[in-house]
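Reading through the structure tokens given below for one structure.
Naming convention: chains lettered A, B, ... in sequence-line order (proteins, then strands); numbering from 1 in each chain.
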Amino acid sequence: MLKIHNSLTREKQNFIPIEPGKVRMYVCGMTVYDYCHLGHARVMVVFDMVYRWLKASGLDVTYVRNITDIDDKIIKRAAENGESIHALTQRFIAFMHEDERALGVLPPDHEPRATQYVPQMLDMIARLEANGLAYRASDGDVNYSVRKFPEYGRLSGKSPEDLRAGERVEVDANKHDPLDFVLWKHAKDSEAEEVKWDSPWGKGRPGWHIECSAMGSEILGKHFDIHGGGADLQFPHHENEIAQSEGAHRCRFVNYWMHNGFVRVDSEKMSKSLGNFFTIREVLKKYDAEVVRFFILRAHYRSPLNYSDAHLDDAKGALTRLYTALKSLPLPSGEGWGGGGAVDWSEPHAQRFKAAMDDDFNTPEAVAVLFDLANEANRTRSPQLLAQLKVLGATVGLLQREPQDFLQGRITGKPSVTLGELTVHATGTIRHTPESIDYLIRERATAKKSKNFAEADRIRKELLETGIVLEDSAAGTTWRRA
RNA sequence: GGCGGGGUAGCAAAAUGGUUAUGCAGCGGAUUGCAAAUCCGUAGACGCCGGUUCGAUUCCGACCCCCGCCUCCA
């Protein structure tokens, strides 16, 4: 039985879908005006893992992750760049997709963009107005009247009294109450036509929170199973979503709320405002994308995750152990590595793996099982256990490449991002190609045959200095990147 | 100030009222021309102080420290 930690109740609960066998899940995605950073990578990877595990559990999942393609920051950035918001957002959506594919993130079933759902948002605002929860302020904005929604604060565990609005931010005089938030922003003369939509309240554009309420209910229905996002969205974004959705539809909005922890740098939250972020593509120039994915899944999704090169190096070493074990798995006849059989769920490791994953997606524990599996497979030389390792890895989007591709630093498929090509390490003095490495391996074999170990060792050392490790075995010599 | 999360061996990171987490690094051994990889063995831990208990890292209380949300943020 799958258990999920529900932010709404702050405890693990048995997961019971609204409709048996089906799961409807919504995750807050990115605002597209810049490159994605590692914090975004964590949301993508974490919920991709959730998506994959729900599917592996036999559930029919509908996964929606939205794209915010209209908001203040986008307008500002487009103006700075002297381009349309459409051009700006299209570009960064494409970059985001590249980053995701590199990280092994499956495309969600739906990826709605806010600008495509303005009519649904207007409809929702009208309902809120009809229900007496929205009002038109003197400046022309339409606001949500938080005090009229008694449940407000339930998700974040805050009471309106405790919020002390205005303590950190100036209170907007147009609001009836400082906690009220905007549903519809009136158009300003200075703004481009591109960001103005007609509405019963005059020209304008949607507030941020309404898009998720509108897109969620439009695609998944008024009541669905799981809603996720970064922990910083719990308040006010998700709190406001609940107020809007339940206020408009007069029914329960979401059963299980999930929030992932932050990526940190030097024990501080990685964020745009602090400026301490690393973009995904920046990191992918230095580290294999699967190492980054493994790094994320090696921690529990709700725990903080400290980013540093040392930690990535560590993750790389660990993943190398798994792929090294997999190296001796014979290729299934006629099939490439992309394929893979079904998991044998009766096997003990698989049972432990499942128990871990079912316990609020405990990927650190599940990964530990993978290592136990690798150890036993190495010891017993069992192809069955290696096959099991590979298919279990698949359930969380790991270990699907040909081992030599990983070990020798190649990328499977053709991500359009330029990633670790075979240029060896920066510390190296000579850069080798696979051909030159093979040549040197043959030279060394000749030297070894004539017992010229000094020359053999010299060649091995020369390669090692450029980051290439040679491994001799009965079957011959293979190489991998250090 | 309000609310919430956390402090585990050199580093990372889980579980658990009594029994090996796991990975990297370390140490000893097997293997190897020597290595690497692999295997076997080994050392090392639960912030501090009390309490409950036959027994606490695990439960309870106080304290110290760190982090997050309360503003846009994944």
>> Classify A:Ala318 by what it touches in the nucleic acid, base, sugar-phosphate, or nothing, heavy-atom distance under 4.0 Å.
In response: sugar-phosphate
>> Is it the case that atom OH in A:Tyr439 sees more than 12 heavy atoms from other parts of the structure closer than 6.0 Å?
In response: no
> Taking NZ, NE, NH1 and NH2 as the nitrogens, is one of them in A:Arg113 or A:Asp69 under 4.0 Å from a carboxylate oxygen of the other?
Replying inline: no
>> Once you apply a heavy-atom cut-off of 4.0 Å, does A:Val263 come out as touching a base, just sugar-phosphate, or nothing?
In response: base
> With sequence neighbours left out, what residues match A:Lys148 under side-chain hydrogen bond (donor to acceptor under 3.5 Å, both in side chains)?
Replying inline: none
> Using a cut-off of 4.0 Å on non-hydrogen atoms, how would the nucleic acid contact of A:Thr478 be classed: base, sugar-phosphate, or nothing?
Replying inline: nothing
> Ion pair present between A:Asp48 and A:Arg52, side-chain N to carboxylate O less than 4.0 angstrom?
Replying inline: yes
> Looking across every strand, which nucleic acid part, if any, lies under 4.0 Å from A:Gly229 by heavy atom: base, sugar-phosphate, or nothing?
Replying inline: sugar-phosphate
> Given atom CZ of A:Arg302 and atom P of B:rA74, what is their separation to the nearest angstrom?
Replying inline: 21 Å
> Expressed in whole Å, how much space separates the P atoms belonging to B:rA21 and B:rG41?
Replying inline: 14 Å
> Between B:rC69 and B:rC11, how far is it from one P atom to the other, in whole Å?
Replying inline: 26 Å
>> Regarding A:Arg77 and A:Asp34, does a basic nitrogen lie under 4.0 Å from an acidic carboxylate oxygen?
In response: yes
> From A:Glu241 CD over to A:Trp257 CH2, what is the distance, rounded to the nearest 0.5 angstrom?
Replying inline: 4.5 Å
> How long is the line joining CE of A:Met357 and C1' of B:rA15, in whole Å?
Replying inline: 16 Å
> Among B:rC24, B:rA74, B:rU22, which nucleotide sits nearest the side chain of A:Phe371?
Replying inline: B:rU22
>> I'd like to check the side-chain contact (heavy atoms from CB on, under 4.5 Å) partners of A:Asp71; sequence neighbours left out, ordered by chain and number.
In response: A:Thr31, A:Thr68, A:Lys73, A:Ile74
> In terms of side-chain geometry, is the basic nitrogen of A:Glu100 or A:Arg65 positioned less than 4.0 Å from the acidic oxygen of its partner?
Replying inline: yes
> A:Leu297 has an atom CG; how far is it from atom C1' of B:rG23, in whole Å?
Replying inline: 15 Å
>> Ignoring hydrogens and geometry beyond distance, is the side chain of A:Lys158 in donor-acceptor contact with the base of B:rC70 at under 3.5 Å?
In response: no
> Thinking salt bridges, do A:Glu443 and A:Arg460 make one under a 4.0 Å N-O criterion?
Replying inline: no
>> Need one value for A:Met270: base, sugar-phosphate or nothing, where a base atom within 4.0 Å counts as base even if backbone is also close, heavy atoms only.
In response: base
> Whole-Å distance between B:rC72 P and A:Arg77 CZ?
Replying inline: 18 Å
> Would A:Lys272 count as a cation-pi partner of A:Tyr33, with NZ or CZ less than 6.0 Å from the six-membered ring centre and within 45° of the ring normal?
Replying inline: yes
>> Using atom C1' in both nucleotides, what's the gap between B:rG44 and B:rG10 to the nearest angstrom?
In response: 9 Å
> Quick one: which of A:Asn255, A:Val254, A:Ile4 gives a side-chain contact (heavy atoms from CB on, under 4.5 Å) with A:Ile226?
Replying inline: A:Ile4
>> Rounding to an integer number of Å, can you tell me how far A:Leu274 CG sits from B:rA74 P?
In response: 13 Å
> Taking for each residue the nucleotide of RNA chain B bearing the nearest heavy atom, is the 5' side occupied by A:Ser273 or by A:Arg352?
Replying inline: A:Arg352
> P atom, B:rA15 versus B:rC60: distance in rounded Å?
Replying inline: 16 Å
> Looking at residues at least two apart in the chain, or sitting in another chain, which of them share a salt bridge (charged side-chain N to carboxylate O under 4.0 Å, His left out) with A:Glu347?
Replying inline: none
> Hey, where does RNA chain B pair up into stems, meaning at least three consecutive Watson-Crick or G-U pairs with distances under 3.5 Å?
Replying inline: B:1-7 with B:64-70, B:10-12 with B:22-24, B:26-30 with B:38-42, B:49-51 with B:59-61
>> What is the distance, to the nearest angstrom, from the NZ atom on A:Lys316 to the P atom on B:rA25?
In response: 13 Å
>> Could you check whether A:Phe253 and A:Phe224 have their ring centres less than 6.0 Å apart?
In response: yes
All N/O contacts under 3.5 Å from nucleotides 64-67 of chain B to the protein, with atom names and distances to one decimal?
residue, atom, partner, partner atom, Å
B:rC67, O2', A:Arg264, NH2, 3.3

>> Counting the atoms with a prime plus P, OP1 and OP2 as sugar-phosphate, which does A:Gly261 contact under 4.0 Å by heavy atoms, base, sugar-phosphate, or nothing?
In response: base
> How far, in whole Å, is B:rC46 from B:rU16 if one measures between their C1' atoms?
Replying inline: 11 Å
>> Using a heavy-atom cut-off of 4.0 Å across all strands, would you classify A:Ala299 as base, sugar-phosphate, or nothing?
In response: sugar-phosphate
>> With nearest nucleotide decided by heavy atoms, which residue, A:Leu305 or A:Gln234, maps closer to the 5′ end of RNA chain B?
In response: A:Leu305
> Nearest to the side chain of A:Asp372 - B:rA15, B:rA12, B:rU22?
Replying inline: B:rU22
>> Pairing donors with acceptors under 3.5 angstrom, does anything connect the side chains of A:Tyr51 and A:Asp109?
In response: yes
>> Just the rounded figure in Å: distance from P of B:rA14 to CG of A:Asp358.
In response: 18 Å
> Going 5' to 3' along nucleotides 32-45 of chain B, which nucleotides have protein heavy atoms under 4.0 Å from the base (write B), which only from the sugar-phosphate (write S), and which from neither (write -)?
Replying inline: -BBBBSSSS-----
>> Between B:rG61 and B:rU52, how many Å separate the two P atoms, rounded to a whole number?
In response: 15 Å
>> If I take atom NE2 in residue A:His259 and atom P in nucleotide B:rA74, what distance separates them, rounded to the nearest angstrom?
In response: 13 Å
> C1' atom, B:rA43 versus B:rA35: distance in rounded Å?
Replying inline: 25 Å
>> Counting the atoms with a prime plus P, OP1 and OP2 as sugar-phosphate, which does A:His37 contact under 4.0 Å by heavy atoms, base, sugar-phosphate, or nothing?
In response: base
> For atom C1', what is the distance between B:rG7 and B:rC48, given to the nearest Å?
Replying inline: 11 Å
